[in-house]
Amino acid sequence: MVTEPFTELVPLPAEGRVYEGTAQPGLADCARSGRVRLDTIARWLQDVAYGDVADAAVADVAVWVVRRTRIRVERFPRFGELCRLQTFCSGFGRAWAERRTVISSEDGDAAAVDAVSLWVHLDPATRRPFPLTPREIDLYGASAGGRRVTARLRHAGPGSANNARRWTFRATECDLAGHINNSAYWQPVEEELLLSGDEPEAFDAETEFRNPAQPGDKLVISDGARRWIVSADGEVHASLLLS
């Protein structure tokens, strides 16, 4: 039984910075049914996050690495649908911050997707966590509203690998950081959805990233609503909780 609570999805702030972007899913972003895939949504989240820090002229201050992401889908965006993405800082820690993103129809209809990610703030030279700068706190403090968040790992570790299947990460899934991009970790779950034959109307899951993965063969261990992506020698790269 899953006992860990999913990360809270706080509402849009009454004040403070809210950055907006758009996305329009193309042919390579969708399942055969026309719904947007989970790995596409994860890419949108990181792209709009970068758009925010670039627009605020703080993109060079730090390297942000995602620790945890929850994606809750009330309605999957569809092929060709122009979507509005609203993102804001929803909490601070010593060397990390939480970012909420709301994805809705471009015309402003009710949110289709709610997401929240915890990002660790790394020094660009040493790649070690370091505190947020006064400039960043000034930019994002109002929307965070004094809310404090923790970066500690919450998901349980894997048990037996008796119920495991092979998974391969490809070299084309590596990003600028030199390891598998976080969006690729949603593909094993997306594969399950596609192979089940039933198109989901809604979805809610959380991924926690532990040790960066390199291309090659992995194992996906399943236990009820839990999934773990591990290396052949048992190193845990990520865990997933499905609702």
Side-chain angles (χ1 to χ4, degrees), residues 4-10 13 16-19 42-71 87-101 115-158 169 173-186 205-215 218 228-231 234-241:
E4 300 94 329
F6 282 1
T7 303
E8 181 184 7
L9 294 163
V10 301
R17 179 181 174 88
V18 178
Y19 176 79
R43 288 200 312 274
W44 288 358
L45 299 180
Q46 61 188 346
D47 287 347
V48 75
Y50 182 79
D52 183 13
V53 296
D55 180 74
V58 292
D60 296 332
V61 171
V63 174
W64 290 93
V65 177
V66 67
R67 167 59 62 88
R68 183 168 48 246
T69 296
R70 177 186 179 185
I71 296 176
T87 188
F88 61 95
C89 177
S90 52
F92 284 138
R94 184 185 63 83
W96 49 85
E98 185 182 273
R99 176 179 289 275
R100 274 277 282 117
T101 305
V116 58
S117 295
L118 185 76
W119 293 82
V120 181
H121 186 256
L122 303 183
D123 183 279
T126 66
R127 297 301 173 100
R128 301 284 298 174
F130 80 112
L132 276 73
T133 65
R135 166 68 173 155
E136 291 169 309
I137 293 172
D138 182 60
L139 274 168
Y140 298 112
S143 65
R147 186 169 174 267
R148 303 295 292 180
V149 295
T150 177
R152 70 174 181 271
L153 295 169
R154 298 199 314 236
H155 294 185
F169 282 133
E173 293 165 337
C174 283
D175 58 20
L176 291 172
H179 50 65
I180 298 300
N181 185 261
N182 77 83
S183 62
Y185 289 81
W186 290 93
E206 184 175 272
T207 300
E208 197 168 76
F209 304 95
R210 298 198 177 196
N211 300 294
Q214 294 298 316
K218 312 297 176 185
W228 297 270
I229 301 176
V230 304
S231 65
E235 181 181 40
V236 181
H237 296 301
S239 55
L240 298 98
L241 293 180

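All figures in this text were calculated on a predicted structure; none of them were measured in a lab. Values below: all heavy atoms of this structure, side chains included; hydrogens, waters and symmetry mates excluded.
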> Any side-chain heavy atom of Trp96 within less than 4.5 Å of one from Trp64?
Replying inline: no
>> Tell me the closest heavy-atom pair linking Cys174 and Ile180, and the distance in Å.
In response: SG-CD1, 4.0 Å
> How long is the span from the CZ atom in Arg128 to the CG atom in Leu122, to the nearest 0.5 Å?
Replying inline: 9.0 Å
>> I need the Leu132 CG to Cys89 SG distance, nearest 0.5 Å.
In response: 7.5 Å
> At what distance, to the nearest 0.5 angstrom, does CD1 of Ile229 lie from NE2 of His237?
Replying inline: 8.5 Å
>> Checking the side chain of Asp123 only, and the main-chain atoms of Thr126 only, is there a donor and an acceptor separated by less than 3.5 Å?
In response: yes
> If we only count heavy atoms from C-beta on, is the Gln214 to Phe169 side-chain gap below 4.5 Å?
Replying inline: no
> Is the closest side-chain donor-acceptor distance between Arg99 and Thr87 under 3.5 Å?
Replying inline: yes
>> Any heavy-atom pair between the side chains of Arg147 and Phe92 that's under 4.5 Å?
In response: no
> Do you know which of Glu206, Arg100, Arg70 makes side-chain hydrogen bond (donor to acceptor under 3.5 Å, both in side chains) with Thr7?
Replying inline: Glu206
> If every non-hydrogen atom of Trp186 is compared with every non-hydrogen atom of Thr207, which pair is closest and at what distance?
Replying inline: CZ2-OG1, 3.2 Å
> Does the pair Arg17 and Asp138 meet the rule for a salt bridge (Lys or Arg N to Asp or Glu O under 4.0 Å), with working shown?
Replying inline: CA-CA 10 Å; Arg17 179 181 174 88; Asp138 182 60; over 6 Å; no
> Between Phe209 and Tyr185, does the ring centre distance come in under 6.0 Å?
Replying inline: yes
>> Do His121 and Pro131 have side chains that approach each other closer than 4.5 Å (heavy atoms only, starting at C-beta)?
In response: no
> How far does CZ of Arg43 sit from CG of Asn182, to the nearest 0.5 angstrom?
Replying inline: 10.5 Å
>> Would you say that Leu45 contacts Tyr50 through its side chain, given a criterion of any heavy-atom pair below 4.5 Å between the two side chains?
In response: no
> Can you name the nearest heavy-atom pair linking Lys218 to Ala213, along with the distance?
Replying inline: CE-CB, 4.3 Å
>> With a 4.5 Å cut-off on side-chain heavy atoms, are Glu98 and Val116 touching?
In response: yes
> Rounded to the nearest 0.5 Å, what separation is found between the CZ atom of Arg152 and the CZ atom of Arg67?
Replying inline: 11.5 Å
> Quick one: does Val18's side chain get under 4.5 Å of Ser143's, heavy atoms only?
Replying inline: no
> Distance from Ser183 atom OG to Asp47 atom CG, nearest 0.5 Å?
Replying inline: 9.0 Å
> Does any N or O in the side chain of Glu208 come within less than 3.5 Å of the main-chain N or O of Arg154, such that one atom is a donor and the other an acceptor?
Replying inline: yes
> Using a distance-only test with no angle check, is there a side-chain donor-acceptor pair under 3.5 angstrom linking Asp175 and Gln46?
Replying inline: no
> Do Leu153 and Arg210 have side chains that get closer than 4.5 Å, going by heavy atoms?
Replying inline: yes
